[in-house]
Structure formats: structure tokens, C-alpha cells
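Comments concern the structure below.
In what follows, every chain begins at residue 1, and chains take the letters A, B, ... in the order their sequences are listed.
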Number of protein chains: 2
Amino acid sequence: MSRRPTILDVAARAGVSKSTVSLVLQNSAQVKAETREAVRAAMAEIGYVYNRAAAQMRSQTAGLVGLVINDLRNPFFTEFATVLQMTLAAKGYATVIANSDEDPDLQAKLIGSMIEHGVSALVVSPAYDDAGDAFDQIARAGIPAMQVLRKTDPRTGLFPFASFDYAAGSALATRHLLDQGAKRIAFVGGMEGRAITEERKSGYLAELKRAGIAPFTHHGRSSRAFGVEAVNNLPDDVDAAVCFNDLVALGMLSGFARAGVELGRDFRLVGFDDIEDCAQVWPLVSSIGCDIESFAQDVADGLLAWMQTGETPPPEHRAPVELIARTSSTGTID
Amino acid sequence: MSRRPTILDVAARAGVSKSTVSLVLQNSAQVKAETREAVRAAMAEIGYVYNRAAAQMRSQTAGLVGLVINDLRNPFFTEFATVLQMTLAAKGYATVIANSDEDPDLQAKLIGSMIEHGVSALVVSPAYDDAGDAFDQIARAGIPAMQVLRKTDPRTGLFPFASFDYAAGSALATRHLLDQGAKRIAFVGGMEGRAITEERKSGYLAELKRAGIAPFTHHGRSSRAFGVEAVNNLPDDVDAAVCFNDLVALGMLSGFARAGVELGRDFRLVGFDDIEDCAQVWPLVSSIGCDIESFAQDVADGLLAWMQTGETPPPEHRAPVELIARTSSTGTID
DNA sequence: CTGAAAGCGCTTACAG
DNA sequence: CTGAAAGCGCTTACAG
């Protein structure tokens, strides 16, 4: 039990040269099947473990992908991270995951650390208010990197942006609420001025304009807590709401439950993202479904192609969304 | 813009030898402050990026920690993973995170990959039904590794186990429900026979025995969906429940809301884990608080000590838990 | 299809 | 406090 065995030990054991062992490790077709088997057997016998650091140093590629997320505790991002990690793992890439916790300085540090670790590519759902350091760093390192779900760097040629068609989503939600007979619809949640808030609001505003109804927006944090409080901060004539996201909608659901207001009858609600909870609370919460699983897979596939063939993903990709109408907006039970 | 600069380029620029540059990189005290500054300046000027693969190869340490989680989508584990990652990042370690999705084969592959990447330590919340491959692999590699929240390998000397004092938790919950006047208390959720289920059940069984009341257990998956259905599968005289976890409790909450049963009055409920949602749904859900944030920090600290000083954590650590009584069991509003 | 040689970018004793 | 030299374990042309 001295040191870990190396390819030299494997070579000695199998009676071949170390180059041959290296070729076997890379599944090269130029090694005879028989030789390959002998080498594999030798590896198993002596308990050889591939040393990626050495390989990485020589070949300049680590089989490592970095993922930096602004809020990893948000189930929407967790699901994204999980599917991305699993898809990449299936292709032989390990994923270094980090939560920037909406902190641009931490984000810059994390990205720097990942670059040092030699990640082959990065996926970033960026914190807002970044001074540009994060992506400048990546640009200097010349690593393929994508912006997902949030865009903070305008260089989408360099850092392609992938997200959902949020404007279409809120338009769908608004039209649906009007169809259900809503007279005055509020838009609740989301920090004013942020790109994602404005996108999600734009479809709502467009539909209301078309219907000749005045909008009412109540902005704020995208949390359950904000949703709970929002219930008490709406004008009396508001009888429906499009929420910035499901967390806000779920918070409003709790607030209304507490206040004895029956959702789907006294008030109509549509969330955004269709996280799992929407179908598991009562009343069931209508939402704009963003198929995060397919989205994460698409991102993974695009990234793999980029790393392997050099083919850059399109500068902007908008995944389709759909309305999932449930009790909170229809009042019907299923 | 040819290749990335190396310490040789930095040395040339700063007018020192490459050893000096290396020492500066390691914050060695033997370099004069003045020299250090000159070297740092040179690095910044030429855009030097530390190459960890090379360092790792020579020093045999990567500054990388592996985290393998059986279900990364579960908010309890997400929180754990997030805090662990952030604590390690603050100490200069990057974290490779992977979701084994309860699949022992995938788990073995992921651990193998992490070992190849040269992780300095591993933290595993293992999938059940592992044939032992996972930890055997780690044992062979001789890497510090901890089992957290679930124990599947009995070698706690080699793989220390850290978790919460679950038995005390369910005893607390049961006693509390009895104090509230519950006559017949069920234990709902958790797969029968699994260590964690049996632990969480043991305190419940002990308290009921003490009170001379017959237990009623309804086992099953630890999901909201199971909780929703469980509501319809309890004997009529059951008027309270200790749930295996909060997901089950939240599912039951939805089920009762749908059935028009008022929690805290018609039925009393205590969950387990005290995830964020408990305080944000309505009625508020009582739960056994497991301070996952402190726990994750303790695990991180223990692991850092182990890596740095070789001091092994205790074979078994049980973090204390507390009862958080809320509306679902007390019927009172705050 | 296989072998001998060079080199990836660092760290680590060792001399000075 | 600083410099010259060896070597970590692979991959990569290049010969054969």
C-alpha cells in the first residue's frame, strides 16, 4: 500500500508500454481487443485509478463543467441544476456547482475558482448588479459559457442566453383570467426594472391594454412571505392576479386561506413556473408551465455540442411555455 | 493571445525565479512583502491564471470536495448542499455536487468519477440498497469520507456518520400531541424497515407505549402525493399524526384542506425537518426543527479539520432537534 | 498496432 | 530570502 499505481505499473503488469495503456484509457480503436482486455485486467488487479489531474495538465481538458446559480435554494433552480448535472454526468462530465446567493463578489470569486480548476465550460444564472467582472473573467479565459434564465451581459454572441418565453406566458395567464370573468387583474411580485420582471409583466400589460383595462402592479420580493402580505395590499376591486412566480402565488394562497377568501371563486390566481408544489397544495394553483427539465437538457446538449464541436448555440433561445389551468383560477376541482 | 501565461512568464516579468512565484502563490511567509507585491503586479499585468491541475498533480491535492446526495431535489438536502458548498468555498474548496437519484449504480459511478478528479474528501448521503461498492471504492482510495443523514455502511470508524437525533424528535412530537388532547395518533409516511424511518418511529412508539395507547402506522413514500392520499387511509378514530417528514405533512395539509377538515381543531399534525414551507403555508405546520444550516456547517468544519489536521470526526454524531409548535397542532394562530 | 521520448505547469527539497 | 533541478502521471507526436 505505498503510492497509487500509475500507468507504468499497469504497463508492467500487462507487459505492454505505457503508451498502450494510455491508448486503452482513451478507448482508442488502434489497440487490439485482446491487448485492451489484458490491460483492463491488469488495471483491475492492481486497483489502478485514473489520475485526471495529470491527464488534464497534458491535454488541457478536465471533464469538468462549472455551474453558478444565483439562488440554488429556489426549487426552480434546484431542478435545473439537478437535471443539468445528471445529463452532463451521463456524458462523462462532473459538475462543480456553486450558489452565488445573489452576491456579485462571491460570484466572481466562484467563477475564478472554477476557471482555475480548468472547467471546460460554464453555465451561469447570474446575480444582478454585477459590475461585469464575472463575464469579463470568462471572456479572458476564453471558455464557452452560457447565460441561463437571466441575462446580465449583453454580449450574447459570446455568452448565449437561454430562457423561457416569459412575455407569452403572462399574456396567456392574463387572457385566461379575462376569459374566466376577472374584471381587474393585478400583477404581483418581481423587482421592478429587472429584465425578467419586465418580460413577465409585458405580456400582462399588452393583454390588458388590448382589453382596455387599467393595470395594477404590486412589485416586491419573489418570496412566499411577500405573497402572504400582498393579499392585504391590493385594491378592493382587484379580483384576480398574475403572479411573478409560484412562490408569490403560494404565499398569496396562504394569505387568502388565512383570510377565508376562497380561491377560484372569490379571487382568481395564476402563478409562474409551475413548480411541483402548485399541484400539491389546495386549492391547486394555476401556473405558467416552464418545462425546466427539457430546458436543462437542451442547455446541456447545446453546451456539449459547443465543447465538442465548437458549434456555438444561438445567441438567444426562448423555450415555449404553457398555461396549466387549475382550481385557483377556474374554481373547478380537476 | 497565444497560450495562457505560466509562472515562468510571471517570473520573467517580475524579474524573479519561478520558485519565488510559486511561493507567492502559496502565500509563503518567506517571501519579502516587496517581492510579493511585485510578483502580484506582474500576474495582474499579464493576466496569469493559476493552473490547479498542475498544482494538484505535484502536490496531490486538488482543493476539491465531492458531495453525493441521494435526492438533491428535496429541499432539505438542497439546503444542506448549499450551506456545505458555501462554507467550503469560503475556505477555498470547490465542491463537485451530484445527485445519485437513489440509484446505487449511478452513485458508484459518480463517486468513481470524483475520486478520479482527485477530491480531497467526500460527503455522501447514500442511496439505499447499495451493494457496498460505493464505500469500498472510497476505502480503497483512502479518502476521508462522511456519511450524512443516512447510514448504509457500518464502518463508522472509517466513514463517520452525522445525523439528527430523530428518536428524540418523534418523542417530542408525540408527547406534544398527547398534551394537546389527541386520543389516537398515527405515524404517517417513511418506508418501513429503513433505518431513518425506524429511528423516527421509535420515539413515537416509546411515548405511546408509555401512555398505554396503541400505535397506528401508515408507511409509504416520503412525498406530498403520499400525504394527500394518506388523509383517506386513516381509521376514523385517529385524530392526530406524526409525519415521517414535512413533505408528507404538507401533502396531508392539502388533503385536509380539500376535505374541509380544519387542522389544529379537527385533526392535529406535526411534520419533521421544519423546512421553510412549514411556516409559509396555512395553517402553519408544526414540525420537528432540524437546524440543517448549523448541521451543514458542523459537517463542513469536521471535514475541513479531517483534511487539514487528520483528526477524524466522532464515529457518530447526533445533532439536537426541537419541537416547533404551530397552528396545525395547537389550533392557535401564532 | 506498439514503444521511446518529450513535455504539460506546477511544487518541493536542496543549495546558496 | 531566492535560484536551479527534479519530478508529479499522464498525452502526444513520431518511429518503427
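- Taking only side-chain atoms of B:N51, from C-beta outward, the nucleotide of C:dC8, C:dC10, D:dT2 with the closest atom is C:dC10.
- Looking only at side-chain heavy atoms (C-beta outward), A:S163 and A:H317 stay at 4.5 Å or farther from each other.
- Checking the phosphate oxygens (OP1, OP2) of C:dG3, a side-chain nitrogen or oxygen of A:S17 falls inside 4.0 Å.
- In this structure, B:Y50 atom OH and C:dC10 atom P are separated by 8 Å, rounded to whole Å.
- Here the P atom of nucleotide C:dC10 and the NE2 atom of A:H117 are 14 Å apart, to the nearest Å.
- In this structure, B:L8 places its CG atom 9 Å from P of C:dC8, rounding to the nearest Å.
- Each of A:V49 and B:L23 has a nearest nucleotide on DNA chain D; the 5'-most of these lies closest to B:L23.
- When Watson-Crick and G-U wobble pairs are counted only if both distances are under 3.5 Å, C:dA4 pairs with no nucleotide at all.
- Checking C:dC1, C:dC10, D:dC10 against the side-chain heavy atoms of A:T6 singles out D:dC10 as nearest.
- For B:Q26 and C:dT12, the CD to P distance is 5 Å, given to the nearest whole Å.
- Pair assignment for C:dA13 gives none, since no Watson-Crick or G-U wobble pairing has each distance under 3.5 Å.
- Residue B:A55 places its side chain closer to C:dC10 than to any other of C:dG3, C:dC10, D:dC10.
- Checking C:dT2, C:dT12, D:dT11 against every side-chain atom of A:S59, the shortest atom distance belongs to D:dT11.
- Regarding contacts with the backbone of D:dA4, every side-chain N or O of B:S19 stays at 4.0 angstrom or more from both OP1 and OP2.
- Two residues are said to be in side-chain contact when any heavy atoms from C-beta on lie closer than 4.5 Å; A:C290 and A:F76 meet this criterion.
- Side-chain proximity of A:L25 to C:dG3, D:dT11, C:dT12: nearest is D:dT11.
- At a threshold of 4.0 angstrom between heavy atoms, the contacts of B:Q56 with the nucleic acid are absent.
- Counting non-hydrogen atoms of other residues, nucleotides and ligands closer than 6.0 Å to CD of A:E34 gives a total of 12 or fewer.
- Of the candidates C:dT11, D:dC10, D:dT2, the closest approach to any side-chain atom of B:K32 belongs to D:dT2.
- Regarding contacts with the backbone of C:dT2, every side-chain N or O of A:Q30 stays at 4.0 angstrom or more from both OP1 and OP2.
- In this structure, NZ of B:K18 is placed 13 Å from P of D:dG7, rounded to the nearest angstrom.
- A:I97 has its side chain out of reach of B:Q85: every pair of non-hydrogen atoms, C-beta onward, lies at least 4.5 Å apart.
- Rounded to a whole Å, the CD1 atom of A:I7 is 6 Å from the P atom of D:dT11.
- In this entry the distance linking CZ of A:R58 with P of D:dG9 reads 16 Å, nearest Å.
- Within 6.0 Å of the CD atom in A:E276, the count of heavy atoms belonging to other residues, nucleotides or ligands does not exceed 12.
- Taking atom CZ of residue A:R52 and atom C1' of nucleotide C:dC8, one finds them 17 Å apart after rounding to whole Å.
- Residue A:Q308 qualifies as enclosed at atom CD: its count of foreign heavy atoms under 6.0 Å is above 12.
- A sub-4.0 Å separation between OP1 or OP2 of D:dT2 and a side-chain N or O of B:T20 is absent.
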